[in-house]
**Student:** 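Before anything else, here's the structure in question.
Chain letters run A, B, ... following the sequence lines, proteins first, then strands; residues in each count from 1. Side-chain atoms are counted along with the backbone in the values below, which use heavy atoms only and exclude waters and symmetry mates.
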Amino acid sequence: MAAETPQRLRFGRAARIKLGRDFAATRREGERLVLGCLIANWRRLPNGSPSRLGVITARTIGGAVVRNRARRLLRETYRAHQHDLAQPVDLVLVARPSIAGKGLAEVEKDFLTTLRKARLLK
RNA sequence: UUGGAAGGGCGGAGGAUCGCUUUCGUCCCGCGCAAGCGGGGCGGAGGAGGAAAGUCCGAACACCAAAGGGCGCGAUGCCGCGUAACCCGGCCUUAGGCCGGGAUACAUGCGGGGGGUGAUGCCGUGAGGCAUCCCGACGGAAAGUGCCACAGAAAAUAAACCGCCCACGCCUCGAAAGAAGCGCGGGCAAGGGUGAAAAGGUGGGGUAAGAGCCCACCGCUCCAAGCGCGAGCGCGGAGGCACGGAAAACCCCAUCGGGUGCAAGGCCAAAUAGGGGACCACGGAGCGGCCCGCUCCAGGUUCCGCAAUGCGGAACGGGUUCCGGGUACUGGCUGCUGAGACAAAUGAUUCUCUCCGUCCGUAAGGGCGCAGACAAAAUUCGGCUUACAGCCCUUCCAAAAUC
RNA sequence: CGGAGCGUAGCGUAGCUUGGUAGCGCGUCUGGUUUGGGACCAGAAGGUCGUGGGUUCAAAUCCCACCGCUCCGA
């Protein structure tokens with residue numbers, strides 16, 4: 001499969017959740033799982049539609065530097081594994097205070113463990 | 001050389017791959033008659049800080065009635081100099097530069113004056129004085145109101161508890177002189193004691209006892225030669241000495257400040273929704289400079305609910321070069337420089353070099369530590385304050401070593 | 001981005017205006033009461049007044065600068 005269509009790992013503006021009502025709907029109607037340094041909310045979408053990601057970094061986890069860092073790590077993790085999802089979802093990741101000081105590998109480990117528990121991985 | 005203090009500066013460099021974002025060019029796809037709109041590919045260029053932070057001051061800019069006057073409120077408050085945007089004038093070779101002047105708020109920087117007497121040292125018998133360092137929001141306490149707890153007799157028009165002294169009376173002792181006690185009248189503020197502060201201080205004279213009552217010195221107040229741009233300093237002289245502290249209590253005086261802030265403010269399209277409750281009111285709203293008049297039928301306030309998108313302000317700016325025209329200034333198919341997001345870009349992985357710390361090693365070298373601290377633009381700019389791994393420079397101090 | 005407010009015993013608060021003693025309630029501890037517990041009665045302990053400077057004889061209070069927290073604004 002990789003030989004004919006090598007999947008690009010893109011993450012443009014269309015792949016993000018931007019509206020407040022989409023965040024609220026996902027967190028209200030979707031499923032939820034807390035693990036490690038993050039909280040995952042997701043809402044399954046019909047096959048064929050694109051997946052989207054939203055990241056929430058509240059003020060309680062730290063200053064602007066810590067919050068920017070957390071958001072970028074979570075986005076980078078999602079970008080690297082966006083094609084491993086079993087089906088399209090709206091995914092909202094909430095960073096927890098323990099994410100401060102962690103590297104990409106640790107965040108990736110928590111992310112994959114969460115997806116495996118949620119049975120969203122292929 | 002090491003350590004410390006103060007001040008100033010820097011806050012890794014060069015690549016690769018994958019992403020994000022702004023912008024330019026080009027190509028493709030969809031819709032559309034077209035203009036264009038939407039999406040995507042490729043290529044080029046750009047993409048956090050010294051504090052971007054705190055939001056403590058101001059300025060630009062925008063709107064509010066013109067931003068002017070009054071009231072209120074707030075801020076500031078010793079002197080001199082420097083620094084910007086800004087304004088004005090003159091000259092030139094006219095792009096622009098040079099010179100001169102004006103004006104400043106928040107400030108800030110430098111220097112000075114005065115103060116505190118905090119620390120240290122020196123001088124003096126002493127009261128005190130001088131020097132160095134440090135601190136400092138530094139107009140007015142005889143404009144007024146109020147405050148100074150407790151203690152103490154008395155806390156701001158001084159006062160008299162224990163005391164000291166004098167005269168008189170009574171009584172006791174005594175041969176007498178006189179002494180002690182009590183009472184009454186008067187003088188005093190030296191000593192004790194209280195306090196943060198007791199109404200100049202030290203030493204002497206003087207006195208019944210005392211007192212700036214008198215004298216010397218110290219301090220203070222006033223005048224003042226002279227010096228300094230000035231705040232002020234002050235040779236010398238006069239005054240027995242008044243005027244406690246606090247205005248970071250109210251307040252008074254002078255100066256300055258209109259208010260709100262890019263969520264300011266502007267534009268386009270569509271929808272919510274012809275929603276509900278309560279109250280007010282019989283007329284209300286719009287057109288209009290006002291009245292008449294005309295049009296509409298509901299109007300106003302408040303609460304709840306729903307909705308809250310796009311463009312743009314906003315970087316196309318700013319700076320500078322060049323070319324024009326002008327007094328300031330202003331214009332441009334010009335070159336260079338170039339963050340511009342909006343659920344919010346500046347990230348991930350990795351290579352080389354160098355810095356620092358640490359560990360291993362005799363050494364060469366190697367391993368580890370996210371280049372390792374603080375902290376990320378959100379209209380722009382100036383200042384202040386605060387945080388900070390490590391490195392560099394200057395000055396000072398201390399210790400050790402050498403000469 | 002802009003604006004407003006609050007930090008006092010373990011908890012919740014008063015005192016700040018007009019500067020001199022930090023008070024109250026709950027809780028804690030001790031004793032009494034009771035067969036025992038609760039309730040009640042009596043007593044006691046417990047305070048860097050967020051931090052650091054300044055003004056003052058004297059600061060929780062006045063002034064300044066920081067730190068932390070909360071709320072409001074399309």
**Student:** With sequence neighbours left out, write down each residue that passes salt bridge (charged side-chain N to carboxylate O under 4.0 Å, His left out) with Arg43(A), or none if nothing qualifies.
**Tutor:**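 Only Glu29(A), Asp90(A) meet the salt bridge (charged side-chain N to carboxylate O under 4.0 Å, His left out) criterion with Arg43(A).
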**Student:** Give, for atom CD1 of Ile39(A) and atom CZ of Arg96(A), the distance between the pair rounded to the nearest 0.5 Å.
**Tutor:**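 The CZ atom of Arg96(A) is 5.5 Å from CD1 of Ile39(A), to the nearest 0.5 Å.
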**Student:** To the nearest 0.5 Å, what is the distance between NZ on Lys109(A) and CG on Leu104(A)?
**Tutor:**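 The CG atom of Leu104(A) is 13.0 Å from NZ of Lys109(A), to the nearest 0.5 Å.
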**Student:** Can you list everything that forms a side-chain contact (heavy atoms from CB on, under 4.5 Å) with Ala118(A)? Sequence neighbours excluded, please.
**Tutor:**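 Listed in chain order: Trp42(A), Leu120(A).
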**Student:** Nearest-Å distance, CZ (Arg75(A)) to P (C20(B))?
**Tutor:**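 In whole Å, C20(B) P and Arg75(A) CZ are 9 Å from each other.
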**Student:** Do any side-chain nitrogens or oxygens of Arg72(A) fall under 4.0 Å of OP1 or OP2 in A344(B)?
**Tutor:**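 Result: no.
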**Student:** For the P atoms, the ones on G58(B) and on C147(B), what distance do you get once it is rounded to whole angstrom?
**Tutor:**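 My reading of the P atoms in G58(B) and C147(B) gives 37 Å.
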**Student:** Using ring-ring contact (aromatic ring centres under 6.0 Å, His included) as the criterion, list what pairs up with Phe111(A), not counting sequence neighbours.
**Tutor:**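 Listed in chain order: nothing, the list is empty.
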**Student:** With C1' as the reference atom in both, quote the distance from G53(C) to C1(C) in angstrom, rounded to an integer.
**Tutor:**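 Going atom to atom, C1' in each nucleotide, I get 32 Å.
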**Student:** For A143(B) and C62(C), measure between their C1' atoms and round to the nearest Å.
**Tutor:**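 Each nucleotide's C1' atom is 25 Å from the other's.
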**Student:** Looking only at atom C1', what distance separates C329(B) and C86(B), rounded to whole Å?
**Tutor:**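 So the two C1' atoms sit 13 Å from each other.
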**Student:** By the rule that syn is within 90° of 0, classify the base conformation of A48(B) as syn or anti.
**Tutor:**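 Base orientation: syn.
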**Student:** In whole Å, what is the span from the NE2 atom of His83(A) to the C1' atom of G19(B)?
**Tutor:**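 His83(A) atom NE2 is separated from G19(B) atom C1' by 12 Å.
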**Student:** In terms of side-chain heavy atoms of Ile56(A), which of A345(B), G347(B), A343(B) is nearest?
**Tutor:**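 The closest nucleotide is A343(B).
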**Student:** Who is the Watson-Crick or G-U wobble partner of G331(B), with both distances under 3.5 Å?
**Tutor:**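 Per the H-bond distance test, C323(B).
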**Student:** Looking only at heavy atoms, which two atoms of Asn68(A) and Arg71(A) are closest? And how far apart?
**Tutor:**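 Closest approach of Asn68(A) to Arg71(A), heavy atoms only: OD1-NH2, 2.9 Å.
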**Student:** Under a 3.5 Å cut-off for both contacts, is G206(B) paired Watson-Crick or G-U wobble with anything, and if yes, with which nucleotide?
**Tutor:**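 Its partner is none (no Watson-Crick or G-U wobble pair with both distances under 3.5 Å).
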**Student:** Using purine N1 to pyrimidine N3 plus N6-O4 or O6-N4 for Watson-Crick, or N1-O2 and O6-N3 for G-U wobble, both under 3.5 Å, which nucleotide pairs with C98(B)?
**Tutor:**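 Matched C98(B) with G90(B) under the 3.5 Å cut-off.
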**Student:** Enumerate, in order of first residue number, the stems that involve RNA chain C, defined as 3 or more consecutive Watson-Crick or G-U wobble pairs with both distances under 3.5 Å.
**Tutor:**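 So far as stems of 3 or more pairs are concerned, RNA chain C shows C:1-7 with C:67-73, C:10-13 with C:23-26, C:28-32 with C:40-44, C:50-54 with C:62-66.
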**Student:** Return the nucleotide paired to U349(B): Watson-Crick means purine N1 to pyrimidine N3 with N6-O4 or O6-N4, wobble means G-U with N1-O2 and O6-N3, both under 3.5 Å.
**Tutor:**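 Paired with U349(B), as far as the under-3.5 Å criterion goes, is A16(B).
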**Student:** Using a cut-off of less than 4.0 Å, is there contact between a side-chain N or O of Arg71(A) and OP1 or OP2 of A345(B)?
**Tutor:**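 The answer is yes; a side-chain N or O of Arg71(A) sits under 4.0 Å from OP1 or OP2.
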**Student:** My understanding is that a pair needs two contacts under 3.5 Å, Watson-Crick or G-U wobble. By that rule, which nucleotide pairs with C396(B)?
**Tutor:**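 When the pairing criteria are applied, G4(B) turns out to be the nucleotide that pairs with C396(B).
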**Student:** Between C267(B) and C63(B), how far apart are the P atoms? Round to whole Å, please.
**Tutor:**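 My reading of the P atoms in C63(B) and C267(B) gives 11 Å.
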**Student:** Using the test salt bridge (charged side-chain N to carboxylate O under 4.0 Å, His left out), find all partners of Glu76(A) that sit at least two apart in sequence or belong to another chain.
**Tutor:**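 Listed in chain order: Arg79(A).
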**Student:** Measure from CG on Leu53(A) to C1' on A345(B) and round the result to the nearest Å.
**Tutor:**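 These atoms are roughly 16 Å apart.
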**Student:** Between the protein and nucleotides 49-55 of chain B, which nitrogen or oxygen pairs come in under 3.5 angstrom?
**Tutor:**
none

**Student:** Pairing check on G80(B): which nucleotide meets the Watson-Crick or G-U wobble criteria with it, both distances under 3.5 Å?
**Tutor:**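 Looking at the geometry, G80(B) pairs with C110(B).
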**Student:** How close or far is atom C1' of A378(B) from atom CG of Asn68(A), stated in whole angstroms?
**Tutor:**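 Distance check: Asn68(A) CG to A378(B) C1' gives 12 Å.
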**Student:** Which residue lies toward the 5' end of RNA chain B, Val66(A) or Ala105(A), if each is placed at its nearest nucleotide?
**Tutor:**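 Of the two residues, Ala105(A) wins.
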**Student:** Taking pairing as Watson-Crick or G-U wobble with both contacts under 3.5 Å, can you name the mate of C147(B), or confirm there isn't one?
**Tutor:**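 G245(B) is the nucleotide pairing with C147(B).
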**Student:** Can you measure Glu76(A) atom CD to U17(B) atom C1' for me and round it to whole angstrom units?
**Tutor:**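 In whole Å, U17(B) C1' and Glu76(A) CD are 12 Å from each other.
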**Student:** Arg32(A): which residues meet the side chain to side chain donor-acceptor pair (under 3.5 Å) condition with it, sequence neighbours left out?
**Tutor:**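 So Arg32(A) forms no side chain to side chain donor-acceptor pair (under 3.5 Å) with any residue.
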**Student:** If we take the C1' atom in both A231(B) and C79(B), what is their distance in whole Å?
**Tutor:**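 Their C1' atoms lie roughly 4 Å apart.
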**Student:** Taking the P atom in each of A371(B) and G44(B), what is the distance between them to the nearest angstrom?
**Tutor:**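 Those two atoms are separated by 29 Å.
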**Student:** With the 90 degree cut-off around zero defining syn, does G50(B) come out syn or anti?
**Tutor:**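 Judged by the O4'-C1' to base torsion, G50(B) sits in syn, the angle falling within 90° of 0.
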**Student:** For Glu31(A), enumerate each residue passing the salt bridge (charged side-chain N to carboxylate O under 4.0 Å, His left out) test, keeping only those at least two apart in sequence or located in another chain.
**Tutor:**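 Applying salt bridge (charged side-chain N to carboxylate O under 4.0 Å, His left out) to Glu31(A) gives Arg44(A).
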**Student:** Nearest whole Å is fine: how far is C18(B) P from His81(A) NE2?
**Tutor:**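 Spelled out: NE2 on His81(A) to P on C18(B) is 18 Å.
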**Student:** Which residues satisfy the side-chain contact (heavy atoms from CB on, under 4.5 Å) test with Leu74(A), sequence neighbours excluded?
**Tutor:**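 For Leu74(A) the side-chain contact (heavy atoms from CB on, under 4.5 Å) partners, ignoring immediate neighbours, are Leu38(A), Val55(A), Leu93(A), Ala95(A), Ile99(A), Val107(A).
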**Student:** Of all the heavy-atom pairs spanning Ala40(A) and Leu91(A), show the shortest one and how long it is.
**Tutor:**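 For Ala40(A) and Leu91(A), the tightest heavy-atom pair comes out as CB-CD1, 4.4 Å.
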**Student:** Write down the partner of C316(B) under the Watson-Crick or G-U wobble criteria, each distance required to be under 3.5 Å.
**Tutor:**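 Its partner is none (no Watson-Crick or G-U wobble pair with both distances under 3.5 Å).
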**Student:** Are Leu112(A) and Leu35(A) grouped together when hydrophobic residues (ILVMFWY) are joined by side-chain heavy atoms under 4.5 angstrom apart?
**Tutor:**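 The answer is no; the residues belong to distinct hydrophobic clusters.
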**Student:** Determine the Euclidean distance between corresponding P atoms of G234(B) and C122(B); express it in Å to zero decimal places.
**Tutor:**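 The answer is 26 Å between these two P atoms.
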**Student:** Of Leu73(A) and Arg79(A), whose closest RNA chain B nucleotide lies nearer the 5' terminus?
**Tutor:**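 Closest to the 5' end, via its nearest nucleotide, is Arg79(A).
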